[in-house]
Structures are given as structure tokens and as C-alpha cells.
Amino acid sequence: MKAAVIDKANSIHLQEKAIPQIRDGEALIKVRYCGICGSDLHVLHGQHPTAEFPVVPGHEFVGELVEAKGAGAEDLKPGDMVVAQPFFSCGNCEPCAKGHDNVCRHLKFMGAHCDGGFAEYVRVATRKVYKIPEDMDLKLAALVEPIAVAVHDVRRSGLEVGQSVLIIGGGPIGMLIAMVARQSGACKVVISEINQFRCEFAQNLGFETVNPLDADFAKKMQKLSGGKGFDVTFEVSGSKAGITSAIEYTTIGGMIMVVGMTKEPHAVDLSAMFAKELQMQGVRIHAQYNFIGAIELLKSGEMDEVFASLISKVFPFDEIEQAFDFVQTPGDYFKVLVEM
């Protein structure tokens, strides 16, 4: 089969590899679409702390089931269109037993610790495979994984109907969190973002935006939050300025969700955390229950239009290097897919 391989930092290219051989408890999927994620770029640039080379990147995929073995295979048959939660978890450690399979002590994340979806075929855990409706748009189905991240983050935040939300960082994940938060009953969703294209995109979807580089940023934030701060803040930028703003503009007793990956440690104003009795919650990937939630959300069809608006460009697999070059070049886009 053809596969895109990162063999060293900053080097990705197509090469021939053997089709994966599956064991009991595993399934083989013929990939149809796979999306490029920011974490794929971290792996490519050698910035992922635990990624191992050589590796096939990619974890946002949809495809056709070829074969499945073991528990969970009973309801699957060759030819089913499926998605799969893109990591292997042991199911036995304490985090897994508590339903936190996303932070399994023996986690192997596809595209970093084992081969992922930028290949004609991919090996997955059978118990993490889910059929999708025959009439579901496969390009939308390729968004299940990032949607699951948003579902996980919003659910873990404890967001309640009628609460206000601040999103710091309006990239693909920030935008998906905004969409899911609004769908979950947030009365106000504000996105803080410096990129004008992203701000205009969010405004066209009905979200209020603010640029943190504006001279009157603090005044705007006071007005948007009614002078009291936001009930739940999602810090998605991974920046020092972002975490500082999160602490400043979250209301007394509010929740800060740490979503963005940071390249270096950032100082946190613990005195402000103490004075406002703020809560801070880290989140990583998504629990399997929330992956299911993302699938059900797509099955409902209620958000198809807004989800589809995030798909900016689709590259053929033979142009995988151009696709990765494209997402590393500043421009007006969100999600880029590769069609196998």
C-alpha cells in the first residue's frame, strides 16, 4: 500500500509499506479521507514529546471496514463505512477503569506512537470502531475526531444552560468548541482571536469576536461579559497571553479549561486563582463516550452546515507533501482533508 511516512523531523513523503496485519481485537480499515491536525505538524517538526520515527501520521479518518476480529466485531461486516477512535488503550489500568481511556497509562496514539491514517489502510482497535449511516457525507465523517475533542472539552467543563463562554483561540478546535458550546445551551459565546479571517468567519456564524491586540481590548471584554467575567473559558491558543487572559476574564468561581498545547511552561497567577476561587481543568484528546457523542451529533444532521463550513480544501493522496506545505503556510483556511 501507499503510505505517507515521517522518517525524521521535517520530512514526510509517500512510500510503499506492507498492508497492516491485524490480530485478535483489531480491525483493518481502507481509508477514504483523513484530516490534517495541528498535532500532525508537531510530530512532523519533531516537537511531539513522545512521537517515534518512522511513523505514518494522521488520526482524523473515515473509511471502509475490510476485516475485524475479537470483541466488538459481531456487529461489523466488510464494506461498512466506519470511523474509529484513534488510539489504543489497555482497558485495565485505573484511568481506563474510571472511563478515562484518553489518559490510559499505556496509551498509544495513532500518528505518533503507531501508524495512523495517512495510508491506504490503517489498523485500529476493534472495540473503538463505529459504523456510520450509509448516507453520511464522508468528508463530514472525517471530522468526527476533532468534533469529539470539542464534545469532550465542553462536557468536562460542566457548562450549564444559560452560562457564558469565552474561547481564546479561534482555530479549528476553538471554532468547534464554540459550535458545540452554543448547541449545549451557552447563552453567549465570545471568541478572542487575532486572525481577521477567523474573526470574520466566526462572525458569519453568529459568534461575537474580539481581538486581544486591540487597544481597547479590556474595555470590550468588560462589556461583553457584563462586567463580571465569563462562566467558562476555554484556553485553546496555548500561549502565555491566553492563559493570563483566561484568569483575568473568567468570573468568580468560574471554570478555565486548558485545551491548547503549550511549547513551554507558562507562569500562572495563583493569587488571582485563589482570590476568585477559580477552577482549572486540563483536557486531553477525548474519552470514548465523548467520541460516541460526536458521532451521534453528526448523525442528527443538526449541525451539518456549520461543520461543513470548516472544510477548506481537499487534496488527493498523491499530493500529501503539498497538503502539509499548504497547512504550514499562513492563509485563510480551517480544515484540510486528504482523499485516498
Item to complete: Determine whether the side chains of Glu235 and Thr233 contain a donor N or O and an acceptor N or O closer than 3.5 Å.
Response: no
Taking the basic N atoms (NZ, or NE/NH1/NH2) and the acidic carboxylate oxygens, is any pair closer than 4.0 Å for Arg156 and Asp153? no
Are Ile191 and Arg198 close enough that some pair of their side-chain heavy atoms sits under 4.5 Å apart?
no
Practice problem: In sequence, state the C-alpha distance, the side-chain angles, and the governing distance for Tyr249 and Phe217, and then conclude on ring-ring contact (aromatic ring centres under 6.0 Å, His included). | Solution: CA-CA 11 Å; Tyr249 296 113; Phe217 173 67; 5.6 Å; yes
Only residue of Phe61, Tyr33, Phe315, Phe324 satisfying ring-ring contact (aromatic ring centres under 6.0 Å, His included) with Phe118 is Phe324
State, with a plain yes or no, whether a side-chain heavy atom of Arg32 is found less than 4.5 Å away from one of Met340.
no
Quiz item: Would you say the side chain of Glu193 lies within less than 4.5 Å of the side chain of Thr209, judging by non-hydrogen atoms?
Solution: no
Evaluate the side-chain proximity of Val165 to Lys188: yes if any heavy-atom separation is below 4.5 Å, no if none is.
no
Candidate pair Asp231 and Thr251, rule side chain to side chain donor-acceptor pair (under 3.5 Å), full reasoning | CA-CA 6 Å; Asp231 296 304; Thr251 194; 5.1 Å; no
**Message:** Within the structure provided, determine whether Arg127 and Gln288 are in side-chain contact (heavy-atom separation under 4.5 Å).
**Reply:** yes
Can you check whether Val144 reaches Tyr130 side chain to side chain, under 4.5 Å on heavy atoms?
no
Q.
Tell me if the aromatic rings of His113 and His48 count as close, with their centers under 6.0 Å from one another.
A. yes
- [ ] Using distance alone, with no hydrogens and no angle criterion, decide if His286 and Glu145 have a side-chain donor and acceptor under 3.5 Å apart.
- [x] yes
- prompt: Does the side chain of Lys131 reach to within under 4.5 Å of the side chain of Leu76, using non-hydrogen atoms?
  reply: yes
Quiz prompt | Any Met303 side-chain heavy atom under 4.5 Å of Met179 side chain | solution = yes
